[in-house]
Amino acid sequence: MILAADFYLRDDVVRISRDLLGKVLCTRVHGKLTKAIITETEAYAGVTDKASHAYGDRRTKRTEPMYGPGGTAYVYLCYGIHHLFNVVTNEEGVPHAVLIRAGNPVSGLETMLRRRNREKADKKLMPGPGTVAQALAITTDMTGTDLRGKKIWIEDHGIVIQESEISAGPRVGVDYAEEDAARLYRFIVNSH
DNA sequence: CGAATGATATACT
DNA sequence: GTATATCATTCGA
């Protein structure tokens with residue numbers, strides 16, 4: 001079943017990041033259906049978080065989707081090469097988001113392998129946020145679209161991740177964020 | 001370890 | 001309008 005709006009509209013982005021572990025991210029691009037279970041996430045807590053693009057209420061054309069209602073996609077190009085996919089949370093006007101950092105294939109494996117230019121499904125299939133987006137063909141033209149659309153959506157397969165299987169840690173690649181860089185906003189499912 | 005690579009934000013003219 | 005610094009990274013040595 002597809003995740004309902006009230007899942008995204010809650011006001012605790014850190015809690016939503018943790019709850020997204022075990023959910024299934026799905027895309028249908030060029031007629032190809034691909035699904036991946038989410039195994040790693042990071043929370044970005046809006047205007048007060050120095051690691052967030054929306055820190056200091058910097059509302060620009062790029063960050064605009066984060067100001068939309070929870071359940072919207074925020075995709076942008078990083079380092080000129082990689083598309084990074086985020087789930088917008090909280091009510092409209094509050095720019096909270098969750099970065100999807102890693103996943104495991106559920107279906108459409110052949111398509112993902114081809115997109116990633118790999119032979120076998122190994123640990124290098126989706127080890128980071130850029131590669132997840134590449135495997136699922138997520139691009140910036142999906143930014144601002146609803147996560148219950150025809151091209152991209154998130155399903156709940158009833159998979160329950162126990163607290164004991166989750167590790168929390170500091171976020172990656174945000175050294176510039178000073179004291180906010182140390183926050184435990186990253187969640188990983190063990191057995192990666 | 002370090003190059004690749006381009007959109008975007010910001011600070012100029 | 002034009003210029004330039006800066007990235008929520010990846011891959012191959």
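Keep in mind that this is a model prediction, so the values were computed, not measured. First the proteins, then the strands, lettered A, B, ... as listed; each starts at 1.
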> Can you tell me how far the OG1 atom of A/T145 sits from the CE atom of A/M142, to the nearest 0.5 Å?
Replying inline: 7.0 Å
>> Under 6.0 Å between ring centres: does that hold for A/H53 and A/Y76?
In response: yes
> Which nucleotide in the set C/dA8, B/dA9, C/dT9 lies at the smallest distance from any side-chain heavy atom of A/R58?
Replying inline: B/dA9
> Using a cut-off of 4.0 Å on non-hydrogen atoms, how would the nucleic acid contact of A/R59 be classed: base, sugar-phosphate, or nothing?
Replying inline: nothing
For nucleotides 1-3 of chain C, tabulate all protein N/O to nucleotide N/O atom pairs closer than 3.5 Å, reporting atom names and distance.
none

>> If you count every heavy atom of other residues, nucleotides or ligands that lies below 6.0 Å from A/E119 atom CD, does the total exceed 12?
In response: no
>> Heavy atoms only, 4.0 Å cut-off, all strands: where does A/R171 land among base, sugar-phosphate and nothing?
In response: nothing
>> With salt bridge (Lys or Arg N to Asp or Glu O under 4.0 Å) as the test, pick out the partner of A/E42 among A/R101, A/R183, A/R171.
In response: A/R101
> Mind checking whether A/I100 and A/V174 sit in one hydrophobic cluster, side chains of I, L, V, M, F, W, Y counted as touching below 4.5 Å?
Replying inline: no
>> Contact list please: residues 132-147 of chain A against DNA chain C, heavy atoms, distance less than 4.0 Å, in numerical order.
In response: none
>> If you count heavy atoms of other groups shown closer than 6.0 angstrom to NZ of A/K50, is the number above 12?
In response: yes
> From the list C/dC11, C/dT9, C/dA8, which nucleotide is the closest neighbour of the side chain of A/V172?
Replying inline: C/dT9
> A/W153: which other cluster members, linking ILVMFWY side chains closer than 4.5 Å, directly or transitively?
Replying inline: A/I2, A/L33
> Is there a side-chain hydrogen bond (donor to acceptor under 3.5 Å, both in side chains) between A/T34 and A/T27 once you walk through the steps?
Replying inline: CA-CA 5 Å; A/T34 48; A/T27 61; 2.8 Å; yes
> Hey, is the main chain of A/R115 close enough, under 3.5 Å, to the side chain of A/Q134 for a donor-acceptor pair?
Replying inline: yes
> Can you give the dot-bracket line for DNA chain C, using ( ) for pairs inside the strand, [ ] for pairs that cross earlier ones, | for pairs with another strand and . for unpaired bases, where Watson-Crick and G-U count if both distances are under 3.5 Å?
Replying inline: |||||||.||||.
> Which of residues 70-82 of chain A have a heavy atom under 4.0 Å from DNA chain C?
Replying inline: A/Y74, A/Y76, A/Y79, A/H82
>> Counting only heavy atoms and a strict 4.0 angstrom limit, can you tell me which residues of residues 83-90 of chain A come near DNA chain C?
In response: A/L84, A/N86
